[in-house]
Amino acid sequence: MNKNSSNIMALAPNTSNKRETVCIFGTGDFGRALGHKMIQSGYPVVYGSRSTQISNLIPKDAEVLSHAEAAQKAAIIIIAIQRQHYNFLIPLAEILHGKVLVDISNNLKLNQYPESNAEYLAQLLPGSRVVKAFNTVSAWALQSGTLDASRQVFVCGDDVEAKQMVMNIVRALGLTPLDKGSLLAAQEIENYPLQLFPMWKFPIFLSLGLTAFFFFYCLALDVIYTYIYEKNNFSFFIAITIPNRVCPVMALILLALVYLPGIFAAIIQLYRGTKYRRFPDWLDKWMLCRKQLGLIALAFASLHVVFTLVTPMRAFVSWRTSKGIISQALNNKTEPLNNTNAWISDSYLALGILGFFLFVLLGITSLPSVSNNVNWREFRFVQSKLGYLALILCTAHTLVYGGKWFLSPSAYKWYLPNIYILSLIVPCAVLVVKFVLIFPCVDKPLTQIRQGWERNPKHSE
Ligand code: NAP
């Protein structure tokens, strides 16, 4: 009777400015860090522990009691204890009845148990109101106040009022709660801290593989070949020349790879005559990491800009320029301005600048803070229309610069094509197929399919 009335009192709305006492079970690393932060934010904290001896590490304004005594002092109890010890809570079921239990636990592996820790806690104590929260914040971040990672705290639970109480605490600690719904979301929230850039794996491995390939390709053709056949030691090309060849090539290929899965998807939909069949797994995964591919492409393009800007500072370039001037002086003859070359160089620079500008625009609109402020149509317009325009400009930039290599026999060292020729294969293929797809005779059925029309509807078979 007494126990129940204490629960009701603790859950009553707080009309004064004084914050309600919060109980934390467990005086370990996380329990102490959270306790510190709560005391700083004005919450009286009482710990429930196996040992009531106060150590120096425990926040000095906090009380340490047995679990049963501590639980009676608060409506909200934060369980800062590993899941494998939850059994010790069963004898406390009566005291914990009606209380809000905050499960903050994490696991060591993805999907380690069949049910989430929070659901397991709710099964052990069906009379309590379990809320999942705080597991994505680290003890170190809480204690040092740096909160280097996200300030967002995912919260989920079946009891709306209990969830609100926990979200109020989260806000009071200077963090941002994000309601993820019912306790069914707990498994996903528990898996979250164990993930290591899941969407970035494929784009990063692909970029590393292609970068290594193009680097060694350039090394073979520009340094080793020149050394063997022309007896010139151009090993210093490794520092700037080769990276400045690889970066634009990578930027262009990766940008084309952002748009290639969309082309495959369109062809598959046209072939099947329906949008209601799942794409193959590889295509689904590829589509999901297009943003990451685009951001890596932008990083390569930015490096290319920086490498290009430092070109006039290079010893090799100033040597080559002065060699040209001296040879003109020795011959007592000024080379006339080659108008075609001037046009080619200005055009490829202009195309590069415009392409890079659009590239940056694409990168900016993919930031969550920006994409949240545009509607779906605006987002599609930037990412699709302006994205294709960026691809056209960057492809043209490479074509104008590297075009001369197509016909020159000196470009085929060891019968291998120049890197610029290789870099144009994927972007040109994407642009040609896209050009075919926008013909009305292809675009019309594709649009109809995407609006739900089916060539052979199942129900009419
Ligand atoms: P910890 O330092 O090992 O502390 C765990 C505490 O649990 C102990 O100090 C102990 O408190 C209590 N405990 C241990 N065995 C027990 C048992 N048999 N029965 C009852 N209580 C027992 O661990 P922690 O780093 O604080 O982590 C606690 C929980 O927070 C874990 O579930 C973890 O996944 C989660 N978490 C931790 C972090 C982090 O950065 N550390 C971040 C997010 C989530 P008493 O001695 O006071 O009884």
Side-chain angles (χ1 to χ4, degrees), residues 22-39 45-60 62-71 73-74 76-93 95-96 101-113 115-122 124-125 128 130-157 166 169-170 173 175-178 180 183 185-196:
V22 175
C23 169
I24 301 176
F25 275 6
T27 56
D29 210 11
F30 196 78
R32 292 195 307 266
L34 194 60
H36 267 293
K37 189 84 186 160
M38 288 199 158
I39 290 171
V45 170
V46 53
Y47 282 100
S49 173
R50 291 166 303 169
S51 151
T52 51
Q53 273 185 342
I54 296 192
S55 87
N56 288 343
L57 296 169
I58 292 173
K60 74 172 174 8
E63 245 185 303
V64 183
L65 303 171
S66 70
H67 293 114
E69 287 169 328
K73 294 211 165 197
I76 299 181
I77 299 159
I78 294 167
I79 315 290
I81 292 169
Q82 279 89 355
R83 169 189 168 127
Q84 59 268 31
H85 305 310
Y86 281 3
N87 275 341
F88 89 95
L89 294 165
I90 297 172
L92 302 172
I95 299 170
L96 298 177
L101 301 188
V102 187
D103 182 297
I104 54 137
S105 62
N106 281 319
N107 292 322
L108 298 175
K109 282 193 287 184
L110 286 171
N111 302 315
Q112 189 172 350
Y113 299 100
E115 75 291 270
S116 66
N117 299 346
E119 287 168 301
Y120 172 65
L121 184 62
L124 287 181
L125 301 164
S128 304
V130 175
V131 175
K132 181 91 206 173
F134 289 115
N135 67 308
T136 52
V137 186
S138 81
W140 159 252
L142 274 176
Q143 197 143 14
S144 63
T146 49
L147 283 166
D148 301 326
S150 174
R151 283 178 173 269
Q152 226 165 40
V153 173
F154 299 133
V155 182
C156 75
V166 176
I169 295 184
V170 173
L173 300 188
L175 305 167
T176 316
L178 187 73
K180 296 286 271 184
L183 216 52
Q187 186 103 17
E188 190 188 318
I189 299 180
E190 284 169 15
N191 282 339
Y192 182 80
L194 296 170
Q195 291 172 352
L196 189 68

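Here the structure is a predicted model, which is why all the values come from computation and not from measurement. Ligands are counted one by one from 1 in listed order, and the atoms in each one are counted from 1 as well. The figures that follow rest on heavy atoms only: side chains count, while hydrogens, waters and symmetry mates do not.
Listed by number with element, the atoms of ligand 1 under 4.0 angstrom from any heavy atom of G26 are 11 (O), 47 (O). Under a 4.0 Å criterion applied to the non-hydrogen atoms of S105, ligand 1 contributes the atoms 32 (O), 34 (O), 35 (C). The V137 neighbourhood of ligand 1 comprises atoms 42 (C), 43 (C), with distances under 4.0 Å to a heavy atom of that residue.
Interatomic distance, OH of Y192 versus NZ of K180, reported as 8.5 Å (0.5 Å rounding). Interatomic distance, CD1 of I79 versus OG of S128, reported as 8.0 Å (0.5 Å rounding).
Heavy-atom proximity to atom 14 (C) of ligand 1, evaluated over E190, Q53, R50, is greatest for R50. Closest to atom 19 (N) of ligand 1 by heavy atom, among Q84, H67, H85, is H85.
Both the backbone and the side chain of F30 come within 4.0 Å of ligand 1, judged by heavy-atom distances. Contact annotation for N135 and ligand 1: only backbone heavy atoms (N, CA, C, O) come within less than 4.0 Å of the ligand. By the criterion of a heavy-atom distance under 4.0 Å, the backbone of A80, and not its side chain, is placed next to ligand 1. Within the 4.0 Å heavy-atom criterion, neither part of T136 lies near ligand 1.
Nearest protein neighbour of atom 3 (O) of ligand 1, counting heavy atoms only, is Q82 NE2, 3.5 Å. The single protein non-hydrogen atom nearest to atom 40 (O) of ligand 1 is A139 N, 2.8 Å, given as residue, atom name and distance. The protein heavy atom nearest to atom 35 (C) of ligand 1 is I104 O, 3.6 Å. In this structure, atom 34 (O) of ligand 1 lies nearest to the protein heavy atom N106 N, 2.8 Å. Considering only non-hydrogen protein atoms, atom 12 (C) of ligand 1 sits nearest to I81 CG1, 3.8 Å. Of the protein's non-hydrogen atoms, the one nearest atom 25 (O) of ligand 1 is D29 CB, 3.5 Å.
When all heavy atoms of I95 and A71 are compared, the pair lying nearest together is CG2-CB, 3.7 Å. Smallest separation of non-hydrogen atoms from G35 and P59: C-CG, 4.1 Å. Minimum interatomic distance between K132 and I189 (heavy atoms only, all atoms of both residues): CG-CG2, 4.3 Å. Across every non-hydrogen atom of F30 and S138, the tightest pair is CE1-C, 4.1 Å.
N117 places none of its side-chain heavy atoms less than 4.5 Å from the side chain of Q187.
Remark: ligand 1 and T27 share an N or O pair separated by less than 3.5 Å (distance only, no angle test). Residue contacts with ligand 1: S49 is placed with a nitrogen or oxygen under 3.5 Å of a nitrogen or oxygen of the ligand (distance criterion only). At a 3.5 angstrom cut-off on N or O pairs, G28 counts as close to ligand 1. The N/O atoms of W140, backbone and side chain alike, include none that comes under 3.5 Å of an N/O atom in ligand 1. Between F134 and ligand 1, no pair of N/O atoms sits closer than 3.5 Å.
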Residue pair R83, Y120: steps toward the side chain to side chain contact (heavy atoms under 4.5 Å, CB included) verdict | CA-CA 9 Å; R83 169 189 168 127; Y120 172 65; 3.7 Å; yes
Does the side chain to side chain contact (heavy atoms under 4.5 Å, CB included) test come out yes or no for D103 and V131, once each step is laid out?
-> CA-CA 6 Å; D103 182 297; V131 175; over 6 Å; no
After noting the C-alpha distance and the side-chain angles of F134 and L142, does the key distance pass the side chain to side chain contact (heavy atoms under 4.5 Å, CB included) rule?
-> CA-CA 10 Å; F134 289 115; L142 274 176; 5.6 Å; no
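For the side chain to side chain contact (heavy atoms under 4.5 Å, CB included) criterion with P193, the lone passing option out of N107, N135, V137 is N135.
Listed by chain and residue number, H67 satisfy the ring-ring contact (aromatic ring centres under 6.0 Å, His included) test with F25 (two or more places apart in sequence, or in another chain).
Taking 4.0 Å as the cut-off, S51 does not count as a neighbour of ligand 1 on heavy-atom distance.
The residues E190 and K109 are annotated as not salt-bridged, no charged nitrogen and carboxylate oxygen being separated by less than 4.0 angstrom.
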